[in-house]
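These notes concern the structure reproduced below.
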Amino acid sequence: MPKLTIGLVLPDVLGTYGDDGNALVLRERARRRGIEASIERILLHDDIPPSYDLYTLGGGEDSAQLLAAARLSASPGLQSAAADGRPIFAVCAGLQVLGHTFRAHGEEAEGVGLLDVTTTPLSRRATGELASEPTRAGVTAELSEPLTGFENHMGATVLGPDASALGRVTRGVGNGDAKVDGVVQGSVIATYMHGPALARNPQLADLLIARALDIPLAELQPLELDAVTKLREERLR
């Protein structure tokens, strides 16, 4: 039986918006397929193991971002995991701290540099439903279903040449004026979608599981859940 270990990264500081639920969704969708799956919580003062099968990071406020960026830089297990091609899913503040720079308390702060992006403040806060069509860039080439989530942020994120967008925005703000949301670079997928995002986007959740198992998405056993289907229909209307 295959096994998956999911690293929930810094939930004590990047857990403001319920994004811990992404790890729960991954674990449950794996278990329903007969895959043994567990979640390992990596707290602020823990070293970050580089050998878990996949990782999730959530959202947080300015002080939390500064703490997270400092810890991720001091304990570079996540960078090693990315270099090994292990899937990493980051949301909102998680996206920003993985970039080159972001703004916190009105000052520019250094990020981890795992993503070729920079983030500055939007002119007004982006709050509300966010929907996009997947760009199918890089590791997300197998995605075909619309993406949906809830955004609540002040970040204007600009992609550098090594980064691609996750989706083309059809509703909401996403990264800002470019009308795209998120980042895809190497094995990292990042977005401004809360919700939690993987509860609202089962195909995206399954893509992460498939990548962790090193199989094509099409080879993953189908999983039909009426409640998830109804939720998506409601949120995409």
Side-chain angles (χ1 to χ4, degrees), residues 6-28 39-46 48 52 54-75 77-78 87-112 114-115 117-132 147-157 166 172-176 181-183 188-201 204-205 208 231 235:
I6 302 159
L8 178 55
V9 182
L10 308 183
D12 45 348
V13 292
L14 296 179
T16 306
Y17 301 107
D19 299 306
D20 294 13
N22 288 316
L24 295 172
V25 170
L26 290 167
R27 184 179 69 183
E28 181 63 17
I39 297 171
E40 296 294 334
R41 291 167 59 86
I42 308 165
L43 302 180
L44 183 61
H45 298 295
D46 295 336
I48 299 170
Y52 291 159
L54 67 162
Y55 298 80
T56 68
L57 299 85
E61 297 164 345
D62 286 11
S63 295
Q65 287 181 259
L66 292 171
L67 288 168
R71 187 59 191 152
L72 291 170
S73 296
S75 179
L78 199 66
I88 298 168
F89 182 64
V91 177
C92 200
L95 180 164
Q96 295 179 17
V97 301
L98 294 185
H100 297 304
T101 59
F102 60 93
R103 302 283 289 189
H105 301 305
E107 301 290 336
E108 185 174 271
E110 290 293 322
V112 177
L114 196 54
L115 294 175
V117 304
T118 57
T119 302
T120 56
L122 290 166
S123 58
R124 58 185 296 181
R125 192 169 194 86
T127 307
E129 287 293 312
L130 173 61
S132 68
L147 299 164
T148 169
F150 188 88
E151 62 182 341
N152 182 11
H153 65 96
M154 276 291 294
T157 297
L166 171 62
V173 176
N175 293 1
D181 171 62
V183 189
V188 182
I189 301 172
T191 179
Y192 277 110
M193 296 184 296
H194 299 288
L198 298 184
R200 294 176 60 159
N201 299 282
L204 179 56
L208 290 163
L231 173 65
R235 296 305 183 188

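No experiment lies behind these values; they were computed from the predicted model shown.
- Taking CD of E40 as the reference point, atom OH of Y52 lies at 4.5 Å (rounded to 0.5 Å).
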Exercise. H100 and V117: side chain to side chain contact (heavy atoms under 4.5 Å, CB included), yes or no, with the steps?
Worked result: CA-CA 6 Å; H100 297 304; V117 304; 5.9 Å; no

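- Inter-residue side-chain proximity for N201 and T148 is flagged as met; some heavy-atom pair is nearer than 4.5 Å.
- Annotation: the span from L10 atom CG to I42 atom CD1 amounts to 7.5 Å, rounded to 0.5 Å.
- By the 4.5 Å heavy-atom criterion applied to side chains, L14 and D19 are not counted as neighbours.
- Considering every non-hydrogen atom in both L57 and G94, the closest pair reads CB-CA, 4.3 Å.
- In this structure, the side chain of N22 engages the main chain of A197 through a donor-acceptor pair within 3.5 Å.
- Smallest separation of non-hydrogen atoms from G111 and S73: O-OG, 4.3 Å.
- In this model, no donor atom of one side chain and acceptor atom of the other lie less than 3.5 Å apart for E107 and H105.
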For this session: Decide side chain to side chain contact (heavy atoms under 4.5 Å, CB included) for V9 and I88; before the verdict, give the C-alpha distance in whole Å, the side-chain angles of both, and the deciding distance to 0.1 Å.
Result: CA-CA 10 Å; V9 182; I88 298 168; over 6 Å; no

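- Of the possible donor and acceptor atoms, none in the side chain of R235 sits under 3.5 Å from a partner among the backbone N and O of A131.
- When all heavy atoms of L231 and A199 are compared, the closest pair comes out as CD2-O, 3.9 Å.
- Remark: T56 pairs with no residue by the side-chain hydrogen bond (donor to acceptor under 3.5 Å, both in side chains) rule, at least two apart or across chains.
- Here the NE2-OG distance, from H45 to S75, works out to 12.5 Å after rounding to the nearest 0.5 Å.
- In plain terms, the two heavy atoms of G60 and A93 that are nearest each other are N-CB, 3.3 Å.
- Shown here for G195 and R200, the closest heavy-atom pair between the two residues is CA-CD, 3.8 Å.
- Going from atom CZ of R125 over to atom CG of N152 covers 4.5 Å, rounded to the nearest 0.5 Å.
- I39 meets the side chain to side chain contact (heavy atoms under 4.5 Å, CB included) test with I6, L8, A23, L24, R27; sequence neighbours excluded.
- A donor-acceptor contact shorter than 3.5 Å is absent between the side chain of Q96 and the backbone of T119.
- Distance CG/L198 to CE/M193: 8.0 Å, rounded to 0.5 Å.
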For this session: Given side chain to side chain contact (heavy atoms under 4.5 Å, CB included), test Y55 with L208 step by step and report yes or no.
Result: CA-CA 9 Å; Y55 298 80; L208 290 163; over 6 Å; no

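- The side chain to side chain contact (heavy atoms under 4.5 Å, CB included) test with F102 is passed by exactly one of V97, T157, T120: V97.
- Contact check for R41 versus D46: no side-chain heavy atoms found under the 4.5 Å cut-off.
- Ring geometry for H153 against Y192 counts as parallel: the plane angle stays under 30°, on a 0 to 90° scale with 60° as the upper cut.
- Atom CG of residue L95 and atom CG of residue N175 lie 6.5 Å apart, to the nearest 0.5 angstrom.
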Exercise. Is there a side chain to side chain contact (heavy atoms under 4.5 Å, CB included) between L147 and T191 once you walk through the steps?
Worked result: CA-CA 10 Å; L147 299 164; T191 179; over 6 Å; no

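- A205 and V25 get closest at one heavy-atom pair: CB-CG1, 4.3 Å.
- A donor-acceptor pair is defined here as one N or O able to donate and one able to accept, closer than 3.5 Å; such a pair exists between the side chain of D12 and the backbone of L44.
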